[in-house]
> 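Dumping the structure here so I can ask a few things about it.
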There are 2 protein chains.
Amino acid sequence: MTIDRESDHGDTLGEVGELDALKRIFPRLPWATAELLGPGDDCAVLAAPDRRMVISTDMMIHGPDFRLAWSTPYDLGWKAAATNLSDVAAMGAVPTGLVVAIAAPTDTPVGSLETIADGLREGCEALAPGCGVIGGDLSVSTVLTIVITAFGDLEGRTPVVRSGARVGDVVAVAGTLGLAAQGLRLLFDEGVVEGEPDAVAAAAVAARHPEAVAAQLRPAPPIAAGKAASLGGATAMLDLSDGLAIDARRIATASSVALDLSSEAVGGRVQLDGGEDHSLLATFPASAALPPAFRAIGRVVRGEGLLVDGVAYTARGGWDPYAGWDGAAG
Amino acid sequence: MTIDRESDHGDTLGEVGELDALKRIFPRLPWATAELLGPGDDCAVLAAPDRRMVISTDMMIHGPDFRLAWSTPYDLGWKAAATNLSDVAAMGAVPTGLVVAIAAPTDTPVGSLETIADGLREGCEALAPGCGVIGGDLSVSTVLTIVITAFGDLEGRTPVVRSGARVGDVVAVAGTLGLAAQGLRLLFDEGVVEGEPDAVAAAAVAARHPEAVAAQLRPAPPIAAGKAASLGGATAMLDLSDGLAIDARRIATASSVALDLSSEAVGGRVQLDGGEDHSLLATFPASAALPPAFRAIGRVVRGEGLLVDGVAYTARGGWDPYAGWDGAAG
C-alpha cells in the first residue's frame with residue numbers, strides 16, 4: 001500500500017464544479033463491452049442478452065465503512081468495484097456494468113476523484129474484464145459517499161440463490177477466509193497514533209503485513225469463480241461479507257438445513273468470524289467435481305444453523321469495529 | 001403539504017439495527033411486476049424482455065438537495081422516485097424497477113424510514129404503476145442520503161436521445177414550466193424564520209401556494225408521456241432538471257442545431273430559468289401530431305444554442321439557491 005498524496009494538491013470539486021470534474025473523471029473510467037449507450041443522456045442503455053439482469057447496490061460511507069487515513073482514493077475505487085462485482089458473482093452471473101454515484105465534500109481535490117476512477121478501472125480490469133462504468137452521478141456532501149449499483153448477465157443460467165443447499169451437499173469456499181478482518185484488526189491495533197487512524201502508521205503496518213492489509217483495503221475476490229460455480233452445479237451461493245459463521249448461517253436458514261464445517265479445513269476462529277473477504281461460499285452436490293477455485297470445508301446436514309465438527313456453533317461471529325461508530329471518521 | 005410529525009417518535013435506526021429496520025421497511029415498498037427475484041439474495045433479478053435495460057442513478061443529499069424542515073420523509077421518498085422515474089421516461093422507456101440505497105443518522109426514527117418507503121410506494125403507484133423496488137441497501141451516515149438507481153424497458157423501441165433534433169422539428173413540452181422553482185423560491189423567501197428553514201412557516205407557505213410548493217417537494221412529472229413521445233416519433237428528449245434554458249441548450253448542442261422558443265408559448269423568465277420541474281422537453285417532426293400531453297413551444301432551426309423569438313438567449317438560466325451551500329442543512 002502506498003499512501004496517495006499526489007491527489008492532495010490541485011483544484012477542488014467546489015472550485016471546478018460538477019461538470020468539469022466529470023470531464024476529467026470520464027476518460028479514466030473503464031468502458032463496458034455491454035454498453036449500448038453511455039454517459040451523456042438521461043439514462044445509459046446496457047445489453048441484457050438473456051432477457052434478465054442481475055442487480056445489486058451497495059454504499060461505502062466515510063466513517064462507518066472506511067478511514068481516509070488508511071484507504072487511498074485508489075483503494076476506495078478498487079474496493080467499491082470489488083465488493084459489488086462480488087455480489088454479482090455470487091449469483092453465478094458475469095458482471096457487465098456499474099453505475100457509480102459519488103458525493104464528496106466541496107474541498108475534495110478533483111485529483112482524488114480521478115484516483116477513485118483509476119481504482120475503479122483497474123479493479124474492473126483485474127477482477128471482471130469487460131465490465132465497465134456506464135453512468136453515474138456526482139454530488140456534494142460533507143461525508144464522502146460512494147454508491148455503486150452493479151449489473152450482471154446470467155448467460156442463460158439459473159441464478160444461484162441462498163436457498164438451494166440440500167442435505168448431503170459439499171460446502172466449499174473460493175478465496176481467503178479471515179484475511180481481510182486480520183488486516184482491519186492490524187490497522188485498528190497498529191495503524192493508529194494516540195487512538196486516531198494514522199496514514200504513516202498504516203503504511204508501516206502494510207509493509208509488515210502486505211497480504212492482510214491489501215485484503216482489507218484492496219480485496220481481490222474470485223469473481224470468475226461465480227460463473228464456474230454455477231457451471232459446476234452449485235446449489236446455493238453467497239459472498240462472504242460478514243464472515244463465514246454469519247454467512248454460512250444465512251445459507252442454512254434460507255435452505256432449511258444445517259451447515260457442518262470442519263475446523264481443520266476452515267482454520268480457526270478468525271477464519272470463522274472475520275468479515276469482508278468477499279470470498280464465495282457455495283454448496284455443491286456430493287457427486288460434483290469442485291471447480292478449481294473452490295476447496296471443501298464442510299457438509300450440508302439435517303438440522304438448522306451452523307455446526308463445527310458436528311457441534312452447534314452459536315457464537316454470533318463477525319467483528320465489527322465500526323458498529324459502535326461515534327462519528328469520528330479518521 | 002402536511003408536516004409529518006408522526007415519524008418523530010419511536011425507535012431509532014441505531015437502536016433497532018439495520019436488519020430489523022429493513023424488516024419494517026420491506027412490506028411498505030412497492031412490488032415490481034418485472035421482478036424475477038426480490039430482496040434476500042446478493043442480487044435481485046429484473047426482467048429485461050427486450051434484451052436491453054435503460055438505467056439511471058441519482059443522489060438526494062440533505063443540505064444541497066433538501067431541507068428536513070420543508071420536506072417530510074414522505075415527500076423525500078416521493079420525490080426520489082419521481083425524479084428517477086422521469087429520467088427513464090425521458091428515454092422513451094417504461095420504468096420497471098428501482099434499487100434504493102439510504103444512509104441515515106443513527107438517531108433517525110425507523111418510522112421516518114417507513115414513511116420514506118410510503119412516499120416511494122405511492123410515488124411509483126401514482127406515476128409509474130407496475131414499477132417497484134427490487135432491492136437496496138441501508139447504512140449509517142451523519143448526512144441523510146438517498147440514492148436511487150432506476151430501470152426501464154424500451155419495449156423494442158429505439159431510445160430517444162438528446163442528439164436527434166433536426167432543423168424544422170417542433171419543440172414541445174409535457175408538464176409544468178418553472179412551477180417547482182417558484183415553490184422553492186417561496187420556501188426560501190417565506191418558509192424561514194430568522195433566515196433558517198422552518199417547518200411551521202413552510203406549512204403556511206404551502207397553504208397559500210399549494211401547487212407551487214407541491215411541485216417542488218412532491219413533483220408529479222408526466223412519466224407516461226415519455227413512452228407516448230417515443231411512439232409519437234420524438235426525435236430528441238430529456239427531462240427538465242436544470243430549467244428550460246439550460247436543458248434546451250443541451251438538446252441544441254447535442255444535436256448541432258438551435259432551439260427557437262416562443263416567449264408567448266413559454267410564459268416568462270421563471271418558466272425559462274426555473275429548474276426541477278422534471279417535465280419532458282422533446283422535439284417532433286413538423287408533420288407529427290403531438291401526443292396529447294405535449295404542447296408546442298418552439299422550433300428547431302439552423303444555428304447553435306438557444307433563441308427566444310428568434311433572438312439569442314444568452315442568460316445562463318437556472319436558479320440554484322443551494323449552489324453557494326455553506327453546510328447549513330435546515
Side-chain angles (χ1 to χ4, degrees), chain A residues 36-37 40-59 61-65 86-91 93 97 99-103 106 134-143 145 147 149-152 154 159 161-163 237-239 241 254 322 325 327, chain B residues 36-37 40-59 61-65 86-91 93 97 99-103 106 134-143 145 147 149-152 154 159 161-163 237-239 241 254 322 325 327:
Chain A
L36 301 175
L37 181 70
D41 265 281
D42 290 19
C43 288
V45 183
L46 187 65
D50 104 333
R51 299 173 188 266
R52 297 168 298 174
M53 186 86 81
V54 156
I55 301 169
S56 177
T57 194
D58 204 39
M59 313 183 91
I61 293 165
H62 182 205
D65 294 322
S86 167
D87 282 323
V88 171
M91 305 301 287
V99 293
V100 181
I102 298 182
T106 50
I134 59 164
D137 191 16
L138 179 60
S139 192
V140 166
S141 175
T142 50
V143 178
T145 303
V147 186
T149 306
F151 310 105
L154 286 162
V161 294
R162 299 178 177 188
S163 55
M237 185 155 54
L238 50 63
D239 98 303
S241 51
Y322 298 117
W325 180 57
Chain B
L36 301 175
L37 181 70
D41 266 282
D42 291 19
C43 289
V45 183
L46 187 66
D50 105 333
R51 299 173 188 265
R52 296 168 299 173
M53 186 86 81
V54 156
I55 301 170
S56 177
T57 194
D58 204 38
M59 314 183 91
I61 293 165
H62 182 207
D65 294 321
S86 166
D87 283 321
V88 170
M91 306 300 289
V99 293
V100 181
I102 299 182
T106 50
I134 60 163
D137 191 16
L138 180 60
S139 192
V140 166
S141 174
T142 49
V143 178
T145 303
V147 185
T149 306
F151 310 105
L154 285 162
V161 294
R162 299 176 179 189
S163 54
M237 184 156 55
L238 49 61
D239 98 301
S241 51
Y322 297 117
W325 180 58

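Note on naming: letters A, B, ... go to the chains in the order of the sequence lines (proteins, then strands), and numbering restarts at 1 for each one.
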> Relative to chain A, which of B/Met91, B/Met59, B/Arg52 shows the most heavy atom pairs under 4.5 Å?
B/Met59
> Do you know the tightest heavy-atom contact between B/Ser139 and A/Ile61?
OG-CD1, 3.6 Å
> Counting only non-hydrogen atoms closer than 4.5 Å, does A/Val161 touch chain B with its backbone (N, CA, C, O), its side chain (CB onward), both, or neither?
both
> Looking at B/Cys43 and A/Asp87, what are the two nearest heavy atoms and their distance?
SG-O, 3.2 Å
> Please classify the contact between A/Leu138 and chain B as side chain, backbone, both or neither, with a heavy-atom cut-off of under 4.5 Å.
neither
> Let's test your reading of the structure: which of B/Ala103, B/Pro159, B/Ser241 forms the most heavy-atom pairs below 4.5 Å with chain A?
B/Ala103
> What closest approach, in Å, do A/Ala47 and A/Met53 show between heavy atoms, and which atom pair accounts for it?
O-CE, 4.2 Å
> Is A/Ile55 in contact with chain B via its backbone, its side chain, both, or neither, using a 4.5 Å heavy-atom distance?
both
> Run B/Val147 and B/Thr57 through side chain to side chain contact (heavy atoms under 4.5 Å, CB included) and show every step you take.
CA-CA 7 Å; B/Val147 185; B/Thr57 194; 3.9 Å; yes
> Counting only heavy atoms closer than 4.5 Å, note whether A/Thr149 contacts chain B via side chain, backbone, both or neither.
side chain
> Output the option from A/Thr145, A/Leu36, A/Val99, A/Leu37 having the highest count of non-hydrogen pairs under 4.5 Å with chain B.
A/Val99
> Do A/Asp41 side-chain atoms and B/Arg162 backbone N/O form a donor-acceptor pair below 3.5 Å?
yes
> Taking A/Val100, A/Leu154, A/Asp50, A/Leu238 one by one, which has the highest count of heavy-atom pairs under 4.5 Å against chain B?
A/Leu238
> For B/Asp42, is there any backbone N or O sitting under 3.5 Å from a side-chain donor or acceptor partner on A/Asp239?
no
